[in-house]
Every structure is written in structure tokens, then in C-alpha cells.
Number of protein chains: 4
Amino acid sequence: MAAPDPLPSPQRRGRPRSAAADRAILAATRAALVEVGWSRLTMGEVAHRAGVAKTTLYRRWAAKSELVLDAVAVLFDELELPDRGCLRADVEGVVLSFAALLRRPETKTALMAVLAESTTDQALRARIREAIVDRQKRLVLDGRSRAQQRGELPPDPPDAAETARVVDLIFDVIAGAVVHRSLVSDCPVDEAWARQFATLLLEGLSTVSSAPGGDASEGDTQPEEHPRG
Amino acid sequence: MAAPDPLPSPQRRGRPRSAAADRAILAATRAALVEVGWSRLTMGEVAHRAGVAKTTLYRRWAAKSELVLDAVAVLFDELELPDRGCLRADVEGVVLSFAALLRRPETKTALMAVLAESTTDQALRARIREAIVDRQKRLVLDGRSRAQQRGELPPDPPDAAETARVVDLIFDVIAGAVVHRSLVSDCPVDEAWARQFATLLLEGLSTVSSAPGGDASEGDTQPEEHPRG
Amino acid sequence: MAAPDPLPSPQRRGRPRSAAADRAILAATRAALVEVGWSRLTMGEVAHRAGVAKTTLYRRWAAKSELVLDAVAVLFDELELPDRGCLRADVEGVVLSFAALLRRPETKTALMAVLAESTTDQALRARIREAIVDRQKRLVLDGRSRAQQRGELPPDPPDAAETARVVDLIFDVIAGAVVHRSLVSDCPVDEAWARQFATLLLEGLSTVSSAPGGDASEGDTQPEEHPRG
Amino acid sequence: MAAPDPLPSPQRRGRPRSAAADRAILAATRAALVEVGWSRLTMGEVAHRAGVAKTTLYRRWAAKSELVLDAVAVLFDELELPDRGCLRADVEGVVLSFAALLRRPETKTALMAVLAESTTDQALRARIREAIVDRQKRLVLDGRSRAQQRGELPPDPPDAAETARVVDLIFDVIAGAVVHRSLVSDCPVDEAWARQFATLLLEGLSTVSSAPGGDASEGDTQPEEHPRG
DNA sequence: TGGTAAACGAGACGGTACGTCCGGTCTTCAG
DNA sequence: CTGAAGACCGGACGTACCGTCTCGTTTACCA
């Protein structure tokens, strides 16, 4: 996420770009997002807040959506998943911290706007995957391998593609539920909801993990082994 | 969905508003959305396509987002949940038909854009709930009561609020997962994914339904009784 | 100037037009002209002030310029030329009273605006002549015949067309000078200026009257016979 | 007439304004005036004809009237008063060339419209004086001093203010008469009229010049010395 | 240490769309 | 049929931003 956009070209002729300007611009973008939202956010206003000329913005980012994506992507990287001792606690933890991130006005407004823009912009879609989606799957991977080490989940199946499918599914279910609850249903994601959601998720999780493709099998699920903290 | 926006005031003075204009505007909005997407959609273009003056648009809708919301909300009402014989099949069915709806360009671009706008507009948020969210919960309610009649799910608990919480949760999980998979992860929602998702959901569903709040109880869940169609 | 515009059609079918509406509209037009001037005067505003629907305006006048012309033409008819005893005094009198009329905001604003409009509208030009120009020539004719009776000016030449030419010339010189001083040079038309103008006009008047066509002749001019007073 | 409107601020920061745009805009304004007249002249049309954005117009001129004033003022500067040998010929010459200027559609429509606008706009009034009125008084001054050198008119009186009053009076009488004849009476200003007007003016001119304030004096006027050419 | 090439601020540029206003027409209901 | 009310289409308004383009001015490198 360091370099903003284009080819800083290996040859180092002329005055180098100002790193301070980069930082000021991204900070100004976040600040402006909080105050006016996406649709009233203008490049001119960002430039003014950052104490920078519009030229300087356009030299780095080709469009508003790319600038905003870079400005908020770093916030997603702040998400952490500390080991809370058991899978259920980890799930509730990630739900709550993701929800906290989505409560920040710059995050929620930017995320949905950039996604809206991406529905008609293939390049932006790729950039979102790279900057946000793929990077956050680490949380699912971490939690999952931790649970496997604890014996809460069976080890990876031999088919790596199957593993990827399950990870993707879990990621979409968790992230999707939190986003939908927060931004569409417009209801709070609090501890009670997180608990209820974790229950829903877990009671089926071992099954789906051990029987991917959905052949609905063995009753070795033992939810009573993972009481929530 | 009948009246677009304002108070046409009960007393009938002056020329009445043209219902034909209403219809033409909403149709033109959908058509334009398909062709140019949200961000390049202009009120002037909609008016032109509808054969209507811009004034006529602004008399009815105060902002682009409200117009677009009304234009696409009716598409969500077209969602049906026919009885497919068992809960698993119903879940897969609703997932696939919702995904099909989200594949339509006007739906996906409009939905995300309106949601983005709503993050800084309380009134719009309420309007979205009323026009889309609350109306689609009927699908969850229908499917659930059908499953209860079949004996696939336990009857409603005495606490009505608890029922509402569970319905909301299921709704957010299903809709959120489909939206996230489709628009964020940018992956196809096909039959395989629907099957996998249904498995994940169902293996825990009876549990969470019978033990809301997540006290993780009796193991009478018998998923093998509901093989997918 | 009584009937406003269109065919009051002798056949008297249905509800007759309201004469009160006519009066209210013209008065409202004058009042609005004073307050907002020509370019910001709108038909809607006039209708509102007059307590009348726009339809009622358009049923009577086809355009803003015609309405305004009718509204102010009546003011010009109020000009009087009382006998002040000698030609010089009559000239000064008409100059001052015409200037007073042009000081009224509705008059000056309307006159120039209607003239501007008339430069690209032949029909309006004719209407102005009929409603204002030709009607005010009576002042020149009155003053001239009075001066002839007093012996201050020679009697009409046998050629009637020549008389008309001279009357037109005098009219244009007097009216033009007052309008130009008032509205173009933007200087006050006071008694001193009127005196000076009358001197300029009179010292040549008998000559030009007796020797039309400008053959610049006999020195029998006797300005000392007509002291101002 | 050089700089159009605002303060381009002495320090030269940013891209300088395009002088070519200035010229194109004024030319486009004159062309559009000829074709559509004042009331149908739109800023957008001028901008389009000039190949310029509307912004560029508004950056220089605050209102249509100011733009049009600047566009036509230069036409007035083209008026010349060549020495025709005697005062009478000079008067007829200036009358005819001023009338020719007023026959141009852009001039007549613009002049009256701007004057109409100026009746409710003090700043515009000042601007008109500066751009047109005061600049054209040079014609009167030139003709007058030439006549004085020829001995057709007495030298300036010791009181400079008195001289100014007389010059203003003559200017208003000449310009006013021509404008009134052309645009109000809507009659042609031809050589015959010019001759008649010059006779009217001259027979009194030496008197009013030598006896300002109008004390009607010495009979040394010798019009027969200045036969028209 | 002086040249040079790029980045910088400022702001004008050609555009597009905005949301409003007004002109003139029409369609309703009430008299 | 008139009149008030007000919706209708069309089109100009003046503004706000867009993304680009000069300008004149730094600023770092490299010769």
C-alpha cells in the first residue's frame, strides 16, 4: 500500500515526489470522507485540505475511487485477530472488531461507494480484491489454523482447492453478515448479536468443513466442547 | 411503492400529476442504469429518455438516490420463494434467485450506490429499509414457517422478540453472504456454492433456532433427514 | 388604451372577462417594474401580485413587452402642455414635465426595454408608435399652433408634408434630447438645462420653420422678440 | 477597453488568461446579437460560438449586459469625424455616420437593451458613461474646436464649467435626436433629415455658445457664411 | 557548483451536469 | 366559457467539479 499509483520510474531524474504530500493527501481524504461523505467529496477539496495542488493528486491517482480506496485500505490492515482461546471466541472477536471498523464513517461510506463504482469498473474490482478482500482472508486463515491446532476443526483436506472454497465461503459469510447487518439492515452489531451469529456459524462449521460439497454426514459435532467465553 | 415522493395533498386543485410520467421515469431510470451505471447516470438523461422535463423529475424525487431506489425496489419484489419441498432446497433456491437478481446490472450498481449514499443520509436509510429490507424478510418468514409446518424446524418460541432476532440474523446471513460473494469477492454464486452455503447454514440452523442466544444445547438435529434436492 | 389585446368578440357567450382583473394586472405590472426592473419582471410574479392566474394574463397579452407597453402607455397620456404664455416657456414646460415622467422608475425602465425589444419586432414597433409616439406629437402640434397664433412662428407652409417633417424633427429633437440627457448621459434635467436647451432650440426654430429643407437664408431671425420668461 | 472586467491581480500566479478567448467572445457576442437580438441572446450560445466554456465568460463578465456593452463599445470608437470644411458639413457628417452605426442590428439592439438594464443598475450606468458616452464627446469637442479655428464659433468662455455644459447639451441634442428618430420614431435618418436637423441646430448654436445660460444676445450670427457643402 | 529535469503551487481552460427558474401550454375543478 | 390552481415540456440560468493545460518556482540529482 506504500506506493500510491503509477510508475515512479527507476531512473531518478528531476525532483522526487514528496512523500509528505502522499501522506497529507490520504489523511485529507479520510478527513473529508468523514465530514462530507463520498458523493460530496471532491478532488479540489481534498487538494485544498492537503495543502496541495490538484495536479499533485492527479499525478498519483487517476480517479476519485482509487484515491479513496488507497486512503481506507490501510484501515482494514489494522484489523487484528488475537488468540482468544477458542474458536467461538475468535469468531465473536473478529465479528466485533470488523463491526467496529465499519462504524467509522470514512470506512463505511468509502467501502460501499468504491464497491458501487467497481460494479462497472473491472480494474477497480481487481484493485479492491488485492487491497482489501485478499488481505483480510488472512484473518480466516489464522483463526482456522489456530482452531485446527486446538483440535476444534479437522485438518485440511488433501484437496487444496477445496480448502480454498471453504475459506472463501466462511469469509463471505462472516464479512457479508456483518456488513449487511451494519449497513443494510442498519442495526447494531453488539455482543449479543455476535454470540448468536457465532452459534449459527459454529454449529454447522465442523460439518461443512469435514464434508465439503455438502454430503451432510457424521454427527461428531460437539458444540458443548467450545463454550463461549 | 405507489406514490413516488411527496404529499399530493388531498384537495384536488390544479392539474393532477401524470401517472404515465411516473411509469416512464422509473422505466427510463432502469434502462439508463443498465447502460451507463450509477455514476454516469444523470437526471437530464433520465428525463430525456422518459420524454419528460427535468422539472417533472424534481417535483417527485429530491435526489438521484431516491429516484434510483424507487426504480429498483420493485425488482426486489419480484423475488419469489416457491416451495421446493424441503428447507435445504428452499435455502438454495432463494440464494440462487437472489444472486440472479444481483447479476442484473441495474440492480447491483444501484443497490451498492444507494447504500453508499445512505451512510450519510438517515432518511434514505429508513427509506431503504422500508422499500427493500423489510419487504424481503417475508422470504425468510415464509421459508421458516413452511419448514416449521414440515417439522424441519421447531415452532416459534414464546418470546416474539426472540423470533424476530433469529429471523433478522438469518436474513442478514443469507443476504449478506450472497451480496458479499457476488459484489465484493466478485465470484459467481452457482449451484455448488449454494449447496455448500446451505450446508453451512443448516447444520447449525435448528440448533440456533431452538437455542437462541446461543446456549448451545440438545443434539437432536438430524440433517440427514433433509437431503438436498 | 382601454381594451388590452385580443378579440373581445362581440358574441357574449359564457362568463364575461373581469375588468377588475385587467386593472389589477396593469397596476401589478407597474408596481413590479418599479421594484425589480424589466429583466427580472416575470409573468408569474405579475399574476401573483394581481391575484390572477397566469392563464388570465396570456389570454389578454401575448408577450411581456406588450403587457408592459400597455401598462406604461397610459402614463404618457397624462402629459399636459398648459399655455405658459410664450413659446420659450412652453418649451421649457414640456421639457421639464417629460423629464419628470422619465424620472419615474417604471417609465424609464419600461420605455427603454420595450424599445430594445422593438428593435427585433416589427409589430411591437408599430404598437409603440401608435400607443406612445404618435399620441405625444399632439404636444408639439399644440405648442406650435399656439405659437403661431401668438405670432411667434410663421403660419404653416402650403405643403402639408413639409409641416409634418418639421413637426417630426422638433419632436425628435425635444424628446430625444430629454431622453438622452436623462437615461444615457444620466444627468438631471433641471430648470437650468431646460433654459439652455430652449435657447438652443429657439434661436434656430423660426429659421428652420421658415426655411425648411435647410437652404440657410435670410437673417430676419429676431430672437429678441421671444425673451424667456 | 482593453481589460474586460475584473482584477487580474498584479502578481502573476497560475495560468494567465487567454487574450484570444477575450477576442473570440466579443466577436461571438456581436455575431449572435446580429442573428438573434438581445432577448434571445444566451451566454451559452455566445460561449459555444466562441469555442469557449461558459465558465470563461463568467470569469470575465458578471452579466450579459456587461458583456454586450464591451462587445459593442468598440463599434462606437470607430466613429470618425473627418474635417468636411465647415461646421454645417461636420454636423451633417456626424449625424449620418452615427445613424449608420445605429442601423447595424447589433448596435441598436444592444444599446437600448443595455440602457434599459442600466435604469436599475447604477454600476452599469457608470460603465456605459465611461465606455460610450464620455468617449464619444470627443466628436463634439473636435468639431467644436475645429469650428472655432475656422472662426465659425467664438472661442471658449473663461468659465470651463460653462464650456462643459454647452458641450454636454450639444452632445445630448445631436445624439438624442438621431437615436430618437432612428429607434423610437422608427424613421430613416437620411441626408434630407440631416440637412434639416443641421439647420435647426446651427441657427441657434452661435447664440447659445456665446451667451450660455440663455441670455439671448448679439446678432453677429452669420449663417450665410457657412453654406453647407 | 551550476544545469537540468521533474515536481510543485496556482489558477485558467473546455466541458458536463447540476438544481432552479421562467415561459407558455395544458388539464383539472369550481363558478 | 371564465378563472384559479398547478402540472406539463422546454430551455437558459449561474455554479460546481471535472480532468487538463499552462505558468513561474522549487528542489534534488548529476556532471
Side-chain angles (χ1 to χ4, degrees), chain A residues 8-9 11-18 20-21 40-48 50-64, chain B residues 8-9 11-18 20-21 39-45 47-48 50-60 62-64, chain C residues 9 11-18 20-21 39-45 47-48 50-59 61-64, chain D residues 8-9 11-18 20-21 39-45 47-48 50-60 62-64:
Chain A
S9 66
Q11 85 283 12
R12 327 287 255 85
R13 305 261 292 154
R15 175 174 173 176
R17 291 204 180 154
S18 159
R40 266 166 305 206
L41 178 72
T42 70
M43 298 298 261
E45 171 67 7
V46 170
H48 181 71
V52 141
K54 273 198 300 174
T55 327
T56 305
L57 259 81
Y58 284 108
R59 211 172 274 127
R60 291 161 161 79
W61 292 277
K64 190 166 87 165
Chain B
S9 71
Q11 83 280 14
R12 328 280 271 85
R13 303 240 284 170
R15 178 173 171 174
R17 292 205 178 152
S18 158
S39 66
R40 265 167 306 204
L41 178 71
T42 69
M43 298 296 262
E45 172 68 8
H48 181 70
V52 141
K54 274 198 295 174
T55 328
T56 303
L57 259 81
Y58 285 110
R59 232 190 297 278
R60 294 163 159 76
K64 192 167 86 164
Chain C
S9 63
Q11 84 286 9
R12 327 287 251 90
R13 304 256 292 149
R15 175 171 168 178
R17 288 201 181 157
S18 157
S39 66
R40 266 166 305 206
L41 178 72
T42 69
M43 299 297 262
E45 171 69 7
H48 181 71
V52 141
K54 275 200 295 175
T55 327
T56 305
L57 259 80
Y58 283 108
R59 242 191 285 276
W61 292 276
K64 190 166 85 164
Chain D
S9 72
Q11 83 282 13
R12 327 280 272 84
R13 304 236 282 172
R15 176 172 174 176
R17 292 204 178 153
S18 159
S39 66
R40 265 166 306 205
L41 178 72
T42 69
M43 298 296 261
E45 171 67 9
H48 181 70
V52 141
K54 272 198 296 173
T55 328
T56 304
L57 259 83
Y58 285 109
R59 208 173 278 125
R60 292 161 161 77
K64 193 167 86 165

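Proteins come first, then strands; the chains are lettered A, B, ... in the order of their sequence lines, and each starts at number 1.
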So which protein N/O to nucleotides 26-31 of chain F N/O distances come out below 3.5 Å?
unit_1	atom_1	unit_2	atom_2	d
F:dT26	O2	A:R15	NH1	2.8

- [ ] In whole angstrom, give the distance that lies between atom CZ of D:R59 and atom P of E:dA10.
- [x] 17 Å
Task: Gap separating the CZ atom of A:R60 from the OG atom of A:S18, nearest 0.5 angstrom - done: 6.5 Å
Open item on the list: Quick check against the 3.5 Å criterion: does B:K64 have a side-chain atom that pairs as donor or acceptor with the backbone of B:L41?
Closed with: yes
TODO: Using atom CG of C:L57 as one end and atom P of E:dG23 as the other, report the distance to the nearest whole Å.
DONE: 10 Å
- [ ] May I ask you to verify if any side-chain N or O of D:R60 is less than 4.0 angstrom from the OP1 or OP2 atom of E:dC13?
- [x] yes
- [ ] To the nearest Å, give me how far apart NE2 (D:H48) and P (F:dG11) are.
- [x] 15 Å
Open item on the list: Quick check for you: to the nearest 0.5 Å, what is the distance between C:M43 atom CE and C:W61 atom CH2?
Closed with: 8.5 Å
Task: Set of residues satisfying side-chain hydrogen bond (donor to acceptor under 3.5 Å, both in side chains) with respect to A:T56, sequence neighbours excluded - done: none
Open item on the list: I want to check one thing: is the phosphate of F:dT2, taken as OP1 and OP2, less than 4.0 Å away from some side-chain N or O of C:T56?
Closed with: no
Open item on the list: Within the structure provided, determine whether B:R40 and B:E45 are in side-chain contact (heavy-atom separation under 4.5 Å).
Closed with: no
Open item on the list: Is the phosphate of E:dA5 approached by A:R17 (side-chain N or O, under 4.0 Å from OP1 or OP2)?
Closed with: no
Open item on the list: Does any part of the side chain of A:H48, heavy atoms only, come nearer than 4.5 Å to the side chain of A:K54, both counted from C-beta?
Closed with: no
Open item on the list: For C:A53 versus C:A47, what's the shortest heavy-atom pair and its separation?
Closed with: C-CB, 4.1 Å
TODO: Take B:S18 and C:A50, find for each the nucleotide of DNA chain F with the closest heavy atom, and name the residue whose nucleotide sits nearer the 5' end.
DONE: C:A50
Any N/O pairs under 3.5 Å between the protein and nucleotides 16-21 of chain E? List them or say none.
unit_1	atom_1	unit_2	atom_2	d
E:dC18	OP1	B:M43	N	2.9
E:dC18	OP2	B:M43	N	3.2
E:dC18	OP2	B:G44	N	3.2
E:dG19	OP2	B:Y58	OH	2.5
E:dG19	O5'	B:Y58	OH	3.4
E:dG19	N7	B:K54	NZ	2.9
E:dG19	O6	B:K54	NZ	2.9

